[in-house]
A.B. asks: 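After the structure tokens below, expect a handful of questions from me.
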Amino acid sequence: MKQLVKKGIIECGIFKHVLRFVPPCVAVLRYHSVLDRPTDFEKTIGTGIIHSSGQFKAQMELLARKYNPVSLDDVLSFLEGGRKLPPRAVAVTFDDGFVDNYEIAKPILDHYGIPAAFYIAVSSIESPFPPWYIRLRHAFYTSTESSWLDQVCKKKYLLTDVFTRNDALVRACQQCAPLAGRAQDLAVAELETQLQVEAYKPDPGLMLTWDQIRRIQSAGHIIGSHTLTHPNMAYVADLDILKHEMISSKEQIERHIGVPVIHFSYPSPMLEPHWSDHTIDVCRMAGYRTATTCTSGKVVQGDNPLAIKRMWVPDTLQEFEWCLSWTLLGRTL
Ligand SMILES: [Zn+2]
């Protein structure tokens with residue numbers, strides 16, 4: 001019934017009429033992975049951050065037909081006061097740097113003329129290992145052990161079904177999320193040893209290559225940084241490590257694509273908050289001019305460009321249009 005009501009409201013066209021009178025704003029969409037068969041990756045990427053290629057194509061077709069896609073550079077100009085945005089403005093972003101962003105999402109975006117921003121977790125590019133949270137998911141979902149002993153709080157977690165495995169995974173992710181670089185590598189490797197699984201090395205590659213990243217940039221899309229090793233930046237206590245994650249990732253991308261990188265995206269693994277006044281200061285010092293977060297909401301004039309809100313993207317087309325319209329109307333979903 002609820003779905004029927006939503007369908008009726010969407011089909012009567014009232015959103016388009018009402019959104020004409022909303023003060024200038026933009027909804028920034030947050031995608032990760034787009035795949036033909038998401039369930040093939042439920043033990044690695046996790047279906048929670050995958051959209052099917054069919055869903056994504058339908059959503060982009062809707063954006064091109066009923067909304068006005070803008071770039072992150074347009075959002076920056078809007079926030080700095082220099083550019084008016086069209087009504088129903090929407091920006092598309094991708095986190096992490098999955099290879100499907102190039103192979104599946106980019107052709108669809110290009111077909112509909114939609115600019116997007118792709119944020120890269122640099123240490124996973126041309127590395128045998130994907131980001132740490134994927135290695136952990138693989139370890140906890142494929143281990144043949146019947147339980148896992150959390151060494152920190154000495155609590156035993158069963159690994160008998162998908163629910164108990166997920167509880168254990170969440171706990172392990174909470175422990176690894178504040179870690180970066182070498183400390184993170186060691187912690188993940190130790191957990192893989194405890195679970196008696198080999199380090200996950202995807203074949204074929206799961207993440208973008210530098211050549212693919214250059215091709216995405218050459219097609220007119222934006223490449224931004226998503227740190228080096230994908231920690232929760234608000235929990236990284238060591239200032240030198242915080243700076244290194246922001247500055248070195250920026251420098252490495254610039255070296256590979258040959259253009260300045262001014263856009264950053266905060267990872268948000270497991271723990272909250274995932275950004276703070278302190279991380280904003282470091283982000284500014286590192287030379288970024290925008291930073292997108294996972295905090296929900298639309299972007300309005302006066303917002304800090306280094307703490308841009310984004311919208312989590314539902315799977316179905318109806319729910320997508322419903323959430324997008326309400327987000328532009330200012331409701332936090
Ligand atoms: Zn991420």
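Order of appearance sets the numbers: ligands from 1, and atoms from 1 within every ligand.
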A.B. asks: State which residues pass side chain to side chain contact (heavy atoms under 4.5 Å, CB included) with C153; sequence neighbours excluded, sorted by chain then number.
C.D. replies: D150, K155, R171

A.B. asks: Strictly under 2.8 Å, how many protein N, O or S atoms lie near the Zn ion (ligand 1)? Waters don't count.
C.D. replies: 3

A.B. asks: So does F78 get a backbone contact from the side chain of Q301, meaning a donor-acceptor N/O pair under 3.5 Å?
C.D. replies: yes

A.B. asks: Report whether L109 and Y112 are members of the same hydrophobic cluster (ILVMFWY, side-chain heavy atoms less than 4.5 Å apart, transitive linking).
C.D. replies: yes

A.B. asks: Regarding Y102 and D211, do their side chains bring together a donor and an acceptor under 3.5 Å, going by distance alone?
C.D. replies: no

A.B. asks: May I have all residue pairs that pass side-chain hydrogen bond (donor to acceptor under 3.5 Å, both in side chains) and include part of residues 40-50, sequence neighbours excluded?
C.D. replies: R37-D40

A.B. asks: So, using side chain to side chain contact (heavy atoms under 4.5 Å, CB included) as the criterion, who are the partners of L149 when residues are at least two apart?
C.D. replies: Q151, K156

